[in-house]
2 protein chains.
Amino acid sequence: MDRPELGFLLSRLMREVMAREKPILDAAGLEMWDYAVLTALAESDAPTQAQLAASTGRDKTRLIGNLDRLEARGMVAREPDPADRRNRIVSLTSVGAKVLRGCRDAIEAMEAELLADLDPADRAAFERALTALAERSR
Amino acid sequence: MDRPELGFLLSRLMREVMAREKPILDAAGLEMWDYAVLTALAESDAPTQAQLAASTGRDKTRLIGNLDRLEARGMVAREPDPADRRNRIVSLTSVGAKVLRGCRDAIEAMEAELLADLDPADRAAFERALTALAERSR
DNA sequence: GATGATCGTAAGCGTGTGTAGATGATCCGT
DNA sequence: ACGGATCATCTACACACGCTTACGATCATC
């Protein structure tokens with residue numbers, strides 16, 4: 001009943017996950033935020049930069065630099081929205097999709113290893129509960 | 001099978017938890033780190049500042065400011081270690097313990113509310129798995 | 001006793017982060 | 001056609017963070 005608090009547990013686990021993700025992203029030459037942007041891009045459809053900033057939680061002025069670098073490496077494309085030419089529609093290129101797929105596979109394998117020691121039923125419940133909680137607070 | 005990644009889920013949930021903790025700590029005039037220090041202090045016994053820094057994960061030079069403020073408000077006491085006077089032994093005062101207890105109760109209530117919607121079995125498994133994972137990666 | 005190590009403290013550095021204008025292009029309502 | 005609003009961008013700023021260095025006090029060892 002008197003377990004450590006959620007915040008402490010979450011932050012500790014989060015640090016662990018990030019530490020394990022870092023070498024994977026380093027190998028692909030990506031920063032954490034680059035990866036978050038690519039992931040958000042793969043899930044949402046033709047977002048404007050403001051929408052992308054909102055969905056990733058990144059500050060919109062900071063997002064610009066990430067997009068600059070990703071665009072220079074041919075992973076994303078910025079094109080003016082034909083419907084409203086003030087907007088820039090960001091899209092994932094085939095190169096970007098390929099890099100993202102590689103990182104995502106490696107990260108999923110890392111996560112599987114991290115969760116391997118859990119009781120299978122607990123693990124399923126953990127993932128279910130975490131997804132529900134994260135989904136609700138959006 | 002293709003759920004969002006752990007890192008994203010964790011960071012999202014973490015932001016939610018912190019957002020809910022903030023008003024509680026604000027009411028007590030505490031920063032996040034202050035609260036982490038007080039909590040660590042309640043659990044460990046007569047720690048030196050270096051030990052406290054290690055157990056909280058805070059940089060030892062950054063810890064000083066927190067202790068200064070907590071000490072000025074009468075929540076912690078710093079005394080030279082009689083066994084080795086280079087060390088300063090930090091302890092929780094009765095005032096500090098009282099403030100900590102109040103925050104902790106409020107935060108536990110907040111967490112209970114946050115988790116209330118979960119299936120009871122899932123919730124128990126979630127807490128169990130999270131504790132195990134956080135424990136292992138220490 | 002002299003030397004080297006350890007602890008708490010202070011100050012500086014580089015980085016990451018959010019905010020606040022200012023600008024140019026563009027859209028919208030009148 | 002005009003004025004106000006919106007979007008991406010740039011610049012400057014303040015701030016928190018962790019890391020490094022330096023210093024004085026203290027201990028441990030020879």
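Lettering follows sequence order; numbering is per chain, from 1.
- Within the nucleic acid shown, Asp59(A) comes within 4.0 Å of at least one base atom, counting heavy atoms only.
- Relative to the ring axis of Trp33(A), Arg62(A) does not place its NZ or CZ within 45° and under 6.0 Å from the centre.
- Nucleotide dC30(D): paired with dG1(C) (Watson-Crick or G-U wobble, both distances less than 3.5 Å).
- Using a 4.0 Å heavy-atom criterion, one finds that Arg62(A) contacts the bases of the nucleic acid, with or without backbone contacts as well.
- Using a 4.0 Å heavy-atom cutoff across all strands shown, Thr61(A) reaches at least one base atom of the nucleic acid.
- One can place NZ of Lys60(A) at 11 Å from P of dT6(D), the figure rounded to the nearest angstrom.
- Between Trp33(B) and the phosphate of dA16(D), there is no side-chain N or O to OP1/OP2 separation shorter than 4.0 Å.
- Rounded to whole Å, the distance from CD on Gln51(B) to C1' on dG8(C) is 14 Å.
- Looking at the side chain of Asn87(B), the nearest of the listed nucleotides dG18(D), dC7(C), dC27(C) is dC7(C).
- Rounded to the nearest 0.5 angstrom, Leu67(A) CG and Met75(A) CE are separated by 13.0 Å.
- Looking at Asp105(A) and Arg101(A), a side-chain N of the basic residue comes within less than 4.0 Å of a carboxylate O on the acidic one, giving a salt bridge.
- Which of dG18(D), dT26(C), dC7(C) sits closest to the side chain of Arg86(A) comes down to dT26(C).
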